[in-house]
Amino acid sequence: SEGEHKLKLYNGYQNSRNTLNGIMIDENAELLAPQDTKIIEFVGDSIVAGYRGSYGDSGLIHAYSWKTAELLGLSYNVVAYSGIRLCSDGGSDVLGMAERYFKTREYLSGSTSPAWNTANYIPDYLVLSLTHNDKAEEDVIATTYTEYIQKLRTAYPNAVIFVVSPFAGKHKDTLSAMVTTINATDENVIFIDTEGWVSAEDYFDGVHPTDAGSEKIARKMATVIGEELGITLKTPDLTPITEQRATSLNLAFKKPCVASSTSSMGGSAAGAFDGNVNTRYCAAGSQMPQALMVDLGEMTVLDSVYVLFEKY
């Protein structure tokens, strides 16, 4: 349709490895220059990553991190992994985020990961939401966190760093005191006390927020950060895209379809258009390119395309 359109691409949950090969636009259409917006980066665990009880239902579109960035009108990045701790004392990663952050990818048993060149991507603001999973002594947490922040400051000299306390108040006093000490030499590190922001009904399992809980956190987080940075909040639609699409007509539903290949393990082309999130299409092998086509029956103007990628 005519007018200006915005395309937003969302990665799935933490193990997704999606590749964008290109975008096709109408013959007379043109791509506009991207807006020059500052970058906010969120660092954390499953709460920041948008865990929702199962990998298939999880993703950043459910996370308060995405919602906060949308409210602030900022470009954003997320560095998060379920179960990860700040310290290297267990959890889902043997290094802990204090070291893992400076690697190119998450922990994989039996493999190594090269160092990440922090000059490749420089955030203007960092939101550190860690220690939900940590079980180390308070002094170890304070020392490890301080050293981590010092490394971040070396990598990003001009970034404003926000240290967020766990929502249940865990380690709050330790983190608050740590930031006060850091402020003696670095005033661009700011502590955010989140205790009391959410209550029991805002979690679906006592730990991870519901969509409504995430939005509540995001609005409080964006308000605090916006006041610190002098940013006026925007009014985006924070409804998860999975709920938005439920009210839209699926023009491809059970329409004739064909694929360039099909995996011997199953996953026919029809599995992509049957409206069932538990079925899928899977190509044979890893050769590229592959094609998946659906016949809508007539020339149709689309206002949105939703693709749910497998999470594993």
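Nothing here was measured: the structure is a model prediction, and the numbers come from that model.
Under the side-chain hydrogen bond (donor to acceptor under 3.5 Å, both in side chains) criterion, the residue pairs touching residues 177-186 are Arg153-Asp186, with sequence neighbours excluded. Residue pairs meeting the ring-ring contact (aromatic ring centres under 6.0 Å, His included) criterion with at least one partner in residues 168-203, sequence neighbours excluded, do not occur; the list is empty.
No chain of hydrophobic side-chain contacts below 4.5 Å, direct or via other Ile, Leu, Val, Met, Phe, Trp or Tyr residues, connects Leu251 to Phe253.
For the pair Thr68 (side chain) and Ala222 (backbone), a donor-acceptor distance under 3.5 Å is absent. Between the Thr174 side chain and the Ala142 main chain, no donor and acceptor come within less than 3.5 Å of each other. In this structure a side-chain-to-backbone donor-acceptor pair under 3.5 Å is present from Asn250 to Ala252. With hydrogens and angles ignored, the 3.5 Å screen pairs a side-chain donor or acceptor of Ser260 with a backbone N or O of Ala291. In this structure, the side chain of Arg105 does not engage the main chain of Thr112 through any donor-acceptor pair within 3.5 Å. Without hydrogens or angle criteria, Asp134 side chain to Leu86 main chain gives a donor-acceptor distance under 3.5 Å. Checked by atom type and distance alone, the side chain of Ser88 never pairs as donor or acceptor with a backbone atom of Val94 at under 3.5 Å. Formation of a donor-acceptor pair under 3.5 Å by the Ser113 side chain with backbone atoms of Thr104 is found in this model. Side chain of Asp26 to main chain of Ala29: no donor-acceptor pair is present (N/O by atom type, distance under 3.5 Å, no hydrogens or angles).
Heavy atoms of other residues, nucleotides or ligands lying less than 6.0 angstrom from CD of Glu201 number more than 12. Heavy atoms of other residues, nucleotides or ligands lying less than 6.0 angstrom from NZ of Lys255 number more than 12. The neighbour count for Lys38 NZ, taken as heavy atoms of other residues, nucleotides or ligands under 6.0 Å away, does not exceed 12.
Here the CG-CD1 distance, from Leu175 to Ile141, works out to 7.5 Å after rounding to the nearest 0.5 Å. Here Thr146 contributes atom OG1 and Gln150 contributes atom CD; the two are 6.5 Å apart, rounded to the nearest 0.5 Å. Within the model, atoms OG of Ser82 and CG of Asp93 stand 12.0 Å from one another, a figure rounded to the nearest 0.5 Å. Rounding to the nearest 0.5 Å gives a distance of 9.0 Å between CG of Asp274 and SG of Cys257. The line from CD of Gln290 to OG1 of Thr262 is 9.0 Å long, rounded to the nearest 0.5 Å. The distance from the CG atom of Leu60 to the OG atom of Ser214 is 11.0 Å, given to the nearest 0.5 Å.
Looking at residues two or more places apart in sequence or on another chain, you find a salt bridge (charged side-chain N to carboxylate O under 4.0 Å, His left out) between Glu195 and Lys172. Applying the side chain to side chain contact (heavy atoms under 4.5 Å, CB included) test to Ala272 and every residue at least two apart in sequence or in another chain returns Tyr281, Leu292. Val140 is linked by a side chain to side chain contact (heavy atoms under 4.5 Å, CB included) to Cys87, Ala136, Glu137, Thr144, counting only residues two or more places apart in sequence or in another chain. Residues passing the salt bridge (charged side-chain N to carboxylate O under 4.0 Å, His left out) test with Asp89, sequence neighbours excluded: Arg85. When the side chain to side chain contact (heavy atoms under 4.5 Å, CB included) test is applied to Asn21, the partners found at least two apart in sequence or on another chain are Thr19, Met288. For Lys220, there are no salt bridge (charged side-chain N to carboxylate O under 4.0 Å, His left out) partners, not counting sequence neighbours. Applying the side chain to side chain contact (heavy atoms under 4.5 Å, CB included) criterion to Asn158, with sequence neighbours excluded, gives no partner residue.
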| field | Ile217/Thr194 under side-chain contact (heavy atoms from CB on, under 4.5 Å): CA gap, chis, key distance, verdict | value | CA-CA 8 Å; Ile217 292 169; Thr194 66; over 6 Å; no
| said: Set out, in order, the CA-CA distance, both residues' side-chain angles and the distance that settles salt bridge (charged side-chain N to carboxylate O under 4.0 Å, His left out) for Glu147 and Lys151, then state yes or no. | reply: CA-CA 6 Å; Glu147 292 174 351; Lys151 291 179 180 179; over 6 Å; no
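When every heavy atom of Tyr76 is checked against every heavy atom of Ala69, the shortest pair comes out as CD2-CB, 3.3 Å. Nearest heavy-atom pair, Lys67 versus Ile61, reported as atom, atom and distance to 0.1 Å: NZ-O, 4.0 Å. Considering all non-hydrogen atoms of both residues, Pro209 and Ile47 come closest at CD-CG2, 3.9 Å.
The aromatic rings of Tyr145 and Tyr148 lie tilted to each other, with the angle between the two planes from 30° to 60°.
Between Ile25 and Leu31 the shortest side-chain heavy-atom distance falls below 4.5 Å. At least one side-chain heavy atom of Ile149 sits less than 4.5 Å from a side-chain heavy atom of Val163. Side-chain contact between Val207 and Phe167 is absent, with no heavy atoms from C-beta onward closer than 4.5 Å.
In the hydrophobic clustering, where aliphatic and aromatic side chains (Ile, Leu, Val, Met, Phe, Trp, Tyr) are joined below 4.5 Å either directly or transitively, Met293 groups with Val258.
A side-chain donor-acceptor contact under 3.5 Å links Thr37 and Ser75. With no hydrogens or angles considered, a side-chain donor-acceptor pair links His208 and Ser46 at under 3.5 Å. Side chain to side chain, Tyr101 and Glu41 meet the donor-acceptor criterion of an N or O pair below 3.5 Å.
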Without placing hydrogens or testing angles, list every side-chain donor-acceptor pair under 3.5 Å for residues 225-236, not counting sequence neighbours.
residue: Lys234; atom: NZ; partner: Thr232; partner atom: O; Å: 3.1

Could you list the donor-acceptor pairs under 3.5 angstrom formed between side-chain atoms of residues 123-133 and any protein atom two or more places apart in sequence or on another chain?
residue: Asp124; atom: OD2; partner: Ile39; partner atom: N; Å: 2.8
residue: Ser129; atom: OG; partner: Tyr64; partner atom: OH; Å: 3.2
residue: His132; atom: ND1; partner: Asp45; partner atom: OD2; Å: 3.2
residue: Asn133; atom: ND2; partner: Ile84; partner atom: O; Å: 3.0

